[in-house]
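Atoms considered below: every heavy atom in the structure, side chains included; atoms not considered: hydrogens, waters and symmetry mates. Residue numbering restarts at 1 for every chain, and letters A, B, ... go by the order of the sequence lines. Given the structure is predicted, the values throughout are model-derived calculations rather than measurements.
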Amino acid sequence: MANMAQAIRMALHYSETHLGVSEIFGQDVGAPLGGVFTCTQGLKTTWNTPLDERGIVGAAIGLGLAGQRCVAEIQFCDYIFNTIDLLKMVGNTSWTTNGQYNLPIVLMTPTGAGIRGSVYHSHSFDAWASRLPGWKIVMPSTPLDAYGLLLSAVKDPNPVLFLKPKSLLRIRGEELIPGEPSNEKELKQRIDAPLGDRSFWQPNWPDLQDFEVPIGKAKIVRSGDELTVISYGRTLPLCLKVAEKLKANIGVSIEVIDLRSIYPYDWQTMKASIKKTGRVLFVNEDTEVTNFGEHLVYRTTQDLFYDLMARPKVLAGKNIPGIGLYPAMEEASVPYEHEIEKEILEILAEVP
Amino acid sequence: MANMAQAIRMALHYSETHLGVSEIFGQDVGAPLGGVFTCTQGLKTTWNTPLDERGIVGAAIGLGLAGQRCVAEIQFCDYIFNTIDLLKMVGNTSWTTNGQYNLPIVLMTPTGAGIRGSVYHSHSFDAWASRLPGWKIVMPSTPLDAYGLLLSAVKDPNPVLFLKPKSLLRIRGEELIPGEPSNEKELKQRIDAPLGDRSFWQPNWPDLQDFEVPIGKAKIVRSGDELTVISYGRTLPLCLKVAEKLKANIGVSIEVIDLRSIYPYDWQTMKASIKKTGRVLFVNEDTEVTNFGEHLVYRTTQDLFYDLMARPKVLAGKNIPGIGLYPAMEEASVPYEHEIEKEILEILAEVP
Amino acid sequence: MIQNQSSKLKVNSKKSSPKVQKIKAARTSKSTDDFMGLEASLVKQIFNLMLKSRVLEERLIKIYKAGEAFFWIGAPGEEAFGVPLGLLVNKGHGIKHDYLHLHYRATPTVVAMGMPMIDSIRLIMNKVTDPHTGGRNFSNHYCIPKWNVTPITSPIGVQYNFAIGTGLAQSKDQSSGISIITGGDAGTAESDFASCLIWSSRPERPLPLLITVQNNGWGISTAYSGQHGEKNIADRGKAFGIRTRLINGNDPIETYIALKEEMDYIRKERKPVLLEAYVSRLYGHSSASGANLDDKETDCLALFSQRIKDSGLMSNQDISELRNTFEAEARDAMETARQEAFPSPDSIWDHTYFQSENADWRNF
Amino acid sequence: MIQNQSSKLKVNSKKSSPKVQKIKAARTSKSTDDFMGLEASLVKQIFNLMLKSRVLEERLIKIYKAGEAFFWIGAPGEEAFGVPLGLLVNKGHGIKHDYLHLHYRATPTVVAMGMPMIDSIRLIMNKVTDPHTGGRNFSNHYCIPKWNVTPITSPIGVQYNFAIGTGLAQSKDQSSGISIITGGDAGTAESDFASCLIWSSRPERPLPLLITVQNNGWGISTAYSGQHGEKNIADRGKAFGIRTRLINGNDPIETYIALKEEMDYIRKERKPVLLEAYVSRLYGHSSASGANLDDKETDCLALFSQRIKDSGLMSNQDISELRNTFEAEARDAMETARQEAFPSPDSIWDHTYFQSENADWRNF
Ligand SMILES: Cc1ncc(C[n+]2csc(CCOP(=O)(O)OP(=O)(O)O)c2C)c(N)n1
Ligand SMILES: Cc1ncc(C[n+]2csc(CCOP(=O)(O)OP(=O)(O)O)c2C)c(N)n1
Ligand SMILES: [Mg+2]
Ligand SMILES: [Mg+2]
């Protein structure tokens, strides 16, 4: 099966050939590298930009004003923070012009920890992004969802921020992307750029099909009735593993929801689940103070206060200004399995 | 009594003459204007910068690295958003260098609505700022607190962000600043720059005294035992008014807390009050999704879940990308008295 | 400031364009002033629109001073630059036409393009009928999609950045559409101005941009002289191989001819030009500084009126009649706008997303 | 890339400094190469430190390749620039000394200043003994307050901005301290580079900055040629009246003399200089691109070794003995560092605030 980087590449190929995307750009996005995570190898409309994140976002805005469909990349979300004024402007363009201009742009950027990225390759952006009304914000945790969400993002008339969980980009999925050859090696041979000289390389794209993961729809990835865990991105598979382990070890039944869209978010799916289980843990890796998980707890408190069997909890990144390079520091800073398990057990143990 | 702009000016004068502040700078901060809100008139070490917010923050960082004390201004917080990468860097300098460098800088910026500022002179920054570990964040609601907090900020070895609630800058206080002449007109004559030609004007500073409002300490500005309202900045006096009105009209007893420091925040004062009243409303004007008030609700939920008599609530700015110029739009977008009252009454009415 | 102005004029006189001289010499004219060879009808049209724009701005200031608007910012003093620009635009929608990335001193340009006065008045009075922002934004924050006038926004400088994108769209196209940016002198210190120079001159893909700066010598209260090491802002283009030009933006004829030459070059060569125009700030920065006439500033309209009269193109009476007509139009527009509704408070959620898709999380 | 390099060299040869020529002419020397008049002891010291820095970087790469470090980025190929810079620094703490605002190719400079090898090794191995970051940050992210080496941080370009502040502090002082910035060619597209030019050339208060660019022709995989309209990056200083200079950063002697001249000028005149040095990227961008030797790049150390040998200053054997000494030092340092502890996970809250004031809201 394709890994997430390949899935993104295939979605971009489909977008170039079927959905009118005419420019895909960012630092090192074009040939020969095709992106620092290989997500843009072999595409027709990619090009390398200057080392200027503000220019990248500005270029996307201008293309959007000209009604063009583009996909722009910020190489790491750690380097998006000098563009927040522009992101706010993207978010307010439709509103401020009373609906006269809409910006159908897609901005993608790798986020989160998990690759020993130290202080400046481990930042998250989901909590920040959730503070940008006018944007839609998505974050897949599987290659197929990445494919489907990216197609939805490209089709959406609104600006969409596509967060790539960087530690999952090389992980293979368990579902085939529509049109993907079932042989992993064949896929690699057809669409991965070779090592060494690439000047004559051409990808041989499979005949990909449309596939939509609607923005705003969560997915119940595991059913359960004693506790709900809601997550997205890097931490989602960890939550799933812990849930399975706890089922096996102590027989507890945990429902796991992959939120997939951060804004607009699928409250109905979350609500139904929390109502059923009475216990909820929100897991993400952005810093914990003024965290999007706290918004979801707030929402839970408003709608389900009298249904809760335990305090709703957030497990997120520690509120410190960086993530240390030494692995034990990283593991103490953002959620990993041990902490997810500990939180789950604590919530389960709470007696109302 | 001094208004908040005068109080800030006096604090800066005290800082220049007693606390070693050697540079006060920003757009239009120097003579002849002395700041778009007059907060920096008549000072010795003020100067005008280029129209470059990133350079302003960079200059402050460099001065901090050189061990100098400075106060830098961003003219409106609406224009601070292209510097968030730098603000994060300020926040992580001590951490990343393992404590080798600390940046004793003060950054001040006017925030919030209330002056018919439309889309780009009404932004808030408190929720964003609460996501910047390594910074201390303060926001006064009275001239005396502004004076005391600014002196504390200047003395602090850490970076401090001093948020000026712009709609309160022209409001007079009810307490004298230590050293302030009791005659309002005299004060004005001595420290307000005259209209017209200012080239020969010199302020005649009163003999100001040290005064500290410790960072991290809230203030109970009104005692009560049926409900706690926690706010800061522009909305604080509105909460106080509503509390007084409700006392007069329906005899309900509301405790109002001025948080003053957003980070670190005074949880002990809040906790004791909420424990006492069992009902709490957090009011601020930044947008409501992933809002700092939601963090405080989260904290409340964790520590006081079983003490609550009603759902803890947040009243904040609507989650839209701008604030419309037309007053009724502004009043529908950020908290004003009518909405504060409505929320309070709803919480009081909630039967657990 | 007087000093500041005179030093500006010195720079200008040094830099009079050799091409302009040629056009001048090639013509014989009846009056002593042949307006550098421009047709009389065009000269009159320029004057007409400058006057119209000025009258409109004066009306906006009156509306502000009467307490019927919360804020005024605008363009009196920039008519001699803005009107020729508006007239030279290839007006229309889409990449075959010019994109305009303007700032808050754009009235002369949009008036020259044909915007009715009342639309500016609706904007400053924050009426629901305001076609630019629906009563949401400040005066002079125009937005006219049918003419590619992209939204004017308050943050200084960003328009230089957004033009990269429309320029990219146009750089692939075979037609002659270009992207035009205006902005102030102080604002060139913002990073977006540098981005514009860098991106528009990339050897891989140069962009058809007319990058302009209206240098009035001020950023609010801060004088140019203390902040700018550049003798001319336009010189910043040189390192990038960008063609540059300095003009006296208080002279509509010099401006028209220079802009036309530069725009022709860009349309044809598909490469950027950086043009700096010296202009005046006639009513101070905005209503925040009082919006009062500053008589130390050169008034391009007064100068041009005199020149028009001296040349015999129009009489004193012609001009005052024209002024009266515009004043009446502005007054009537205000009266009409006054009767119109304000936006409704519950419209605040509208247009957060395309076609007002639900934006309120309470309804998710 | 070969093409790219040769075009660089052409530029350099055109720009050989007339002053340098004079120094050369004024001396008579025994060997045919008199190293432009520099003392033999200084020439040997430069070579010694270049070799030391290279050996250290090679060791860092080995540590990475052996799986004992997560990431390597460093400076092989920049020794001929970085070592002279380090030697010319007025080293010490506080505004009377020079501030260094360096980027992640700074090993030669800090080695020349006297940093022990082991401190770089502790950094790349993320040991608690790492004096720069306590095991928190990437290789080559040095921080040495006692020598005004301000923290190197990963975001490209910001160091150009921070230097404004140390420059401001020094501009008021009567001593000769200056602020020095290094950075890559691609990074000059970031706004902070533009801010540095603007702020350092303010007529009101020029700043004593040595603004340098190490142009290696690449930003990761992106070639200079497609992205830069500037023939020389240094030309961007000209519009601001900033003195500029181009040098061959692969020649340590030319570099030393040029840096000395420019630094003397800045110390005395208290004004900025923008200096661009052409350098090589010998092991690719970082470990992310393999950290393998790129033999298409000019190797300044190999060139200088040859020159040293040709001049008779050192023999082949001298050099290989010196290399052996440094290699032993590096190996020993690694062995020592290996025995040292890693940071403890519960130290993550430390140093969020000054003196580790509580940062955890759970304890507020
Ligand atoms: C990013 C940003 N910073 C600050 C401001 C506040 N501000 C509004 S106008 C202005 C001065 C602009 O001067 P200039 O660019 O020369 O244009 P002018 O007003 O003189 O035409 C400033 C500082 C702003 N609108 N945007
Ligand atoms: C703000 C920012 N954007 C992107 C990156 C990722 N990045 C690291 S190095 C680099 C290229 C730098 O090229 P250049 O400035 O020429 O320096 P060189 O590495 O060639 O010495 C990029 C894009 C970054 N570190 N910071
Ligand atoms: Mg100006
Ligand atoms: Mg480079």
Novice: Please determine, among C:His101, C:His141, C:His132, the option with the most heavy-atom pairs under 4.5 Å with chain A.
Specialist: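 Of the candidates given, the most pairs with chain A belong to C:His132.
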Novice: Side chain, backbone, both or neither: which part of C:Pro155 has an atom under 4.5 Å from a heavy atom of chain A?
Specialist: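 The side chain, not the backbone.
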Novice: Does NZ belonging to A:Lys275 count more than 12 external heavy atoms closer than 6.0 Å?
Specialist: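 Counting neighbours around NZ of A:Lys275, 12 or fewer heavy atoms of other residues, nucleotides or ligands fall under 6.0 Å, so no.
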Novice: Calculate, to the nearest 0.5 Å, the distance between atoms CD1 and CD belonging to C:Ile95 and A:Gln68 respectively.
Specialist: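 The distance works out to 5.5 Å.
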Novice: Check whether A:Ile56 gets within reach of chain C through its side chain, its backbone, both or neither, counting any heavy atom under 4.5 Å.
Specialist: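 Contact with chain C is through both the backbone and side chain of A:Ile56.
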Novice: Using only heavy-atom distances, determine whether the side chains of C:Ser191 and A:Arg54 contain a donor-acceptor pair under 3.5 Å.
Specialist: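 Distance-only check passes for C:Ser191 and A:Arg54.
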Novice: Heavy-atom distance under 4.5 Å to chain A: side chain of C:Thr153, backbone, both or neither?
Specialist: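 Contact with chain A is through the side chain of C:Thr153 alone.
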Novice: Which bit of C:Gln355 comes within less than 4.5 Å of chain A, counting heavy atoms only: side chain, backbone, both or neither?
Specialist: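 Contact with chain A: none, neither part.
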Novice: Name the option with the most non-hydrogen atom pairs under 4.5 Å to chain A; the candidates are C:Ser347, C:Pro151, C:Ala194.
Specialist: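 Top option by heavy-atom pairs under 4.5 Å: C:Pro151.
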Novice: Work out which heavy atom in A:Asp52 is nearest to a heavy atom in C:Ser195; give both atom names and the distance.
Specialist: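 Taking A:Asp52 first and C:Ser195 second, the nearest heavy atoms are OD2-OG, 2.7 Å.
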Novice: Most heavy-atom pairs under 4.5 angstrom with chain C, which of A:Asn158, A:Asn102, A:Thr93?
Specialist: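 The residue among A:Asn158, A:Asn102, A:Thr93 with the greatest pair count is A:Asn158.
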Novice: Side chain from CB out, backbone as N, CA, C, O: work out which of these in A:Asn92 comes under 4.5 Å of a heavy atom of chain C, or both, or neither.
Specialist: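 Contact with chain C involves no heavy atom of A:Asn92 at all.
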Novice: Shorter than 4.5 Å, heavy atoms on both sides: which option in A:Ala60, A:Gly55, A:Ser22 has the most such pairs with chain C?
Specialist: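 Option with the greatest count: A:Gly55.
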Novice: Contact part of C:Gln170 toward chain A, heavy-atom cut-off under 4.5 Å: side chain, backbone, both or neither?
Specialist: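 No part of C:Gln170 comes within 4.5 Å of chain A.
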Novice: Using non-hydrogen atoms and a 4.5 Å limit, figure out which bit of A:Trp135 sits close to chain C: side chain, backbone, both or neither.
Specialist: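 Only the backbone of A:Trp135 comes within 4.5 Å of chain C.
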Novice: Within the supplied structure, the quantity of interest is the number of heavy atoms (other residues, nucleotides, ligands) at a distance under 6.0 Å from C:Lys271 NZ; does it exceed 12?
Specialist: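 12 or below, so no.
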Novice: So which residue, C:Asn161, C:Thr133, C:Asp130, ends up with the most heavy-atom pairs under 4.5 Å with chain A?
Specialist: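 Ranked by contacts with chain A, first place is C:Asn161.
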Novice: Looking at C:Phe354, C:Trp199, C:Phe162, which makes the most heavy-atom pairs under 4.5 Å with chain A?
Specialist: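 Most pairs with chain A among the choices: C:Trp199.
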Novice: Find the distance between NZ (C:Lys172) and OG1 (A:Thr45) and round it off to the nearest 0.5 Å.
Specialist: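 Between C:Lys172 NZ and A:Thr45 OG1, I get 6.5 Å after rounding to 0.5 Å.
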Novice: To the closest 0.5 Å, what do you measure between OG1 (A:Thr97) and CZ (C:Arg136)?
Specialist: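 The distance works out to 8.5 Å.
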Novice: Do you know the tightest heavy-atom contact between A:Ser94 and C:Thr352?
Specialist: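 Result for this residue pair: CB-O, 4.3 Å.
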Novice: Heavy-atom distances under 4.5 Å only: say whether A:Lys271 touches chain C with side chain, backbone, both or neither.
Specialist: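 Neither the backbone nor the side chain of A:Lys271 comes within 4.5 Å of chain C.
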Novice: At what distance, to the nearest 0.5 angstrom, does CG of C:Leu100 lie from CG of A:Leu65?
Specialist: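 So the gap between those two atoms works out to 12.0 Å.
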Novice: Is it the backbone or the side chain of A:Gln100 that comes under 4.5 Å from a heavy atom of chain C, or both, or neither?
Specialist: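 Both parts, heavy atoms under 4.5 Å.
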Novice: Donor-acceptor pair, C:Tyr353 side chain versus A:Trp95 backbone, under 3.5 Å?
Specialist: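 Pair absent, no side-chain N/O of C:Tyr353 close to backbone of A:Trp95.
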Novice: Is A:Leu103 in contact with chain C via its backbone, its side chain, both, or neither, using a 4.5 Å heavy-atom distance?
Specialist: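 Interface part for A:Leu103: neither.
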Novice: OG1 of A:Thr49 to CD of C:Glu204: how many Å apart, nearest 0.5 Å?
Specialist: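 Interatomic distance, A:Thr49 OG1 to C:Glu204 CD, rounded to 0.5 Å: 10.0 Å.
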Novice: I need the A:Ser261 OG to C:Phe364 CZ distance, nearest 0.5 Å.
Specialist: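 A:Ser261 OG to C:Phe364 CZ: 10.0 Å, rounded to 0.5 Å.
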Novice: Write down the atom of A:Trp47, the atom of C:Arg202, and the distance for their closest heavy-atom approach.
Specialist: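 In this case the closest contact between A:Trp47 and C:Arg202 is CZ3-NH1, 3.5 Å.
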Novice: Considering only heavy atoms and a distance below 4.5 Å, find which of C:Pro131, C:Ala163, C:Cys143, C:Gly135 pairs most often with chain A.
Specialist: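 Answer, by heavy-atom pair count under 4.5 Å with chain A: C:Cys143.
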Novice: Minimum heavy-atom separation for A:Tyr263 to C:Ala359, with atom names?
Specialist: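 In this case the closest contact between A:Tyr263 and C:Ala359 is OH-O, 3.2 Å.
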Novice: Taking all non-hydrogen atoms of both residues, which atom of C:Arg362 and which atom of A:Arg299 are closest, and how far apart?
Specialist: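 Answer, listing the atom of C:Arg362 first, then A:Arg299: O-NH2, 3.2 Å.
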Novice: Who among C:Val158, C:Asn137, C:Ile144, C:Asn148 has the most heavy-atom pairs with chain A under 4.5 Å?
Specialist: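 Of the candidates given, the most pairs with chain A belong to C:Val158.
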Novice: Work out which heavy atom in C:Ile164 is nearest to a heavy atom in A:Ala59; give both atom names and the distance.
Specialist: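 It is CG2-CB, 3.8 Å.
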Novice: Counting only heavy atoms closer than 4.5 Å, note whether C:His93 contacts chain A via side chain, backbone, both or neither.
Specialist: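 C:His93 has no heavy atom closer than 4.5 Å to chain A.
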Novice: What part of A:Tyr101 gets closer than 4.5 Å to chain C, counting heavy atoms only: side chain, backbone, both or neither?
Specialist: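 Just the side chain, heavy atoms under 4.5 Å.
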